[in-house]
Amino acid sequence: MEITGITVWQKTLPLTKPYWLSGGRLKFEALDSTFVRIETRDGLIGWGEGCPWGETYLPAFGGGIRAGLDVLAPVLIGENAGDIERLNRAMDRALPGHPYAKAALDAALWDLAGKRAGAPLFELFGGAEGAEAGVAVNSSISTGTPEEMVALINAARAQGYRTHSAKVGGADIAADIARIEAIEAALPADEHITYDVNRAWVPGVAIQVMQAVSGVARGWFEQPCETLDQCAVVAAHTTQPIMLDECLHTFQDHLDAWKRSAGQGCKIKPNRLGGLTKTRQVRDFCVAVGWQMHVEDVGGTVLADTAALHLALSTPQENRLASWLGHAHLVDDFAPGEGARNQGGVVRLDPSKPGIGVEPPEDWLGAPFKAYA
Ligand code: MG
């Protein structure tokens with residue numbers, strides 16, 4: 001399965017409506033996505049997508065992926081696409097760090113592996129867990145007034161969502177307490193919620209808000225502060241479970257977080273961690289230490305979502321909470337109904353589709369950005 005060519009496309013993906021997080025500090029209106037197609041001598045084609053959530057969410061941006069591909073794509077040309085772990089090490093030698101620049105190539109290698117095996121990726125990642133019930137998906141509730149946020153949760157419920165991620169966080173302690181109290185008062189007993197702070201609080205504010213709502217808040221608090229150390233301080237002074245997200249970039253970060261008891265769970269995202277290969281390693285570590293996870297991607301179309309959902313489906317049910325679908329926020333949809341879709345609050349993947357199971361049509365992608373051979 002010799003790699004003979006890698007073709008790259010860039011697409012700007014407008015959001016259906018502006019999206020606010022981190023207490024309104026960060027606003028997003030469109031995503032810059034990069035698609036890669038790896039071609040092999042025997043005619044197999046693998047697809048991957050790299051799509052940061054704008055420029056301000058993580059130390060990652062669309063132009064950085066395409067610059068990174070100038071270094072990484074030549075490393076893969078001529079190599080055996082089946083040597084996924086070896087090729088990941090080769091990419092790490094050629095370009096240390098920059099995990100997000102590697103994720104699309106790694107996804108395309110896995111897509112090829114699945115197609116060659118004639119198997120969906122979830123089988124290669126360990127096998128489906130709870131395929132009949134499906135993988136629960138969660139809504140994503142933009143920051144707003146308490147009334148606006150409750151209305152968004154009610155609208156999400158009408159789409160089948162029973163797990164919600166509500167964006168809170170800011171300097172106004174009373175406003176955050178009011179948001180959480182209103183949401184808890186309105187939320188049915190059988191639904192689940194995470195309050196995603198997106199690192200907006202300093203530790204003192206996190207402790208104040210979380211203690212103020214400790215009698216009513218039933219859910220997780222996600223990435224309350226900027227750094228792992230700050231989150232560890234919060235975890236030591238509060239009782240609610242903490243989920244870590246933006247402060248985790250490497251396997252070592254997860255090990256450090258676990259050693260420091262900085263949380264009880266995390267988001268694992270291929271486009272943050274450097275691909276499906278590294279995300280699966282982290283997934284297996286989290287299973288071993290009993291952490292709970294949301295397995296999803298940072299952003300992108302149904303291609304990125306479906307790749308991540310294969311990993312979610314193969315994660316033990318007691319360790320997976322829910323997954324988020326980035327494509328639900330986009331105007332464009334190149335394959336309506338295909339791949340990972342919200343079907344009444346869950347995703348079911350088609351076991352008859354090998355690899356990731358969804359491909360962007362080239363007439364939708366337009367002219368390539370660059371090609372390597
Ligand atoms: Mg988050």
Side-chain angles (χ1 to χ4, degrees), residues 15 19-28 31 51-60 99-100 103 136-144 149 152-153 156 161 163-170 176 179-180 183 192-201 205-206 209-210 217 219-228 230-232 234-235 238 240-250 253-254 257 262-273 279 282-283 286 291-300 304-305 308-309 311-312 315 319-329:
L15 302 184
Y19 190 88
W20 301 86
L21 54 72
S22 200
R25 286 190 308 163
L26 308 179
K27 182 185 183 186
F28 304 87
L31 307 181
C51 187
W53 189 258
E55 284 83 39
T56 54
Y57 173 62
L58 287 172
Y100 72 103
V137 287
N138 63 271
S139 70
S140 190
I141 306 300
S142 183
T143 307
M149 295 182 77
L152 287 172
I153 290 174
Y161 292 107
T163 301
H164 310 279
S165 173
K167 302 294 185 180
V168 299
D176 272 333
R179 288 175 180 129
I180 294 166
I183 290 169
H192 307 281
I193 186 141
T194 294
Y195 296 102
D196 192 356
V197 188
N198 291 113
R199 61 189 193 271
W201 290 335
V205 170
V209 176
M210 290 171 67
W220 291 71
F221 282 80
E222 182 174 333
Q223 193 71 43
C225 304
E226 184 80 32
T227 68
L228 179 56
Q230 291 168 348
C231 292
V234 174
T238 53
Q240 295 99 333
I242 290 178
M243 179 168 299
L244 300 169
D245 188 353
E246 293 101 301
C247 69
L248 302 175
H249 301 276
T250 64
D253 290 340
H254 294 76
Q264 295 77 27
C266 60
K267 294 278 178 82
I268 60 170
K269 304 178 179 178
N271 265 284
R272 193 184 72 238
L273 299 177
T279 309
V282 167
R283 186 275 307 267
C286 292
W291 269 19
Q292 290 172 285
M293 289 164 272
H294 282 240
V295 186
E296 60 198 35
D297 218 333
V298 176
D305 286 340
L309 264 289
L311 193 63
T315 299
N319 296 98
R320 77 177 187 231
L321 291 165
S323 298
W324 168 79
L325 297 174
H327 75 259
H329 295 263

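As the structure lists them, so they are numbered: ligands from 1, and atoms in each ligand from 1.
Atoms of the protein (N, O or S only) found under 2.8 Å from the Mg ion (ligand 1) are D196 OD2, E222 OE2, D245 OD2.
Under the side-chain contact (heavy atoms from CB on, under 4.5 Å) criterion, D305 pairs with L325, H327, sequence neighbours left out.
Distance check, rounded to the nearest 0.5 Å: CE of M243 to OH of Y195 gives 13.5 Å.
With R272 contributing its side chain and K267 its backbone, the two residues share a donor-acceptor pair below 3.5 Å. When atom types are taken as modelled, the side chain of D176 and the backbone of V168 share no donor-acceptor pair closer than 3.5 angstrom.
The side-chain hydrogen bond (donor to acceptor under 3.5 Å, both in side chains) test with K167 singles out one residue from N198, T143, T194, and that residue is N198.
By the 30° and 60° cut-offs, the orientation of the rings of H329 relative to W53 is perpendicular.
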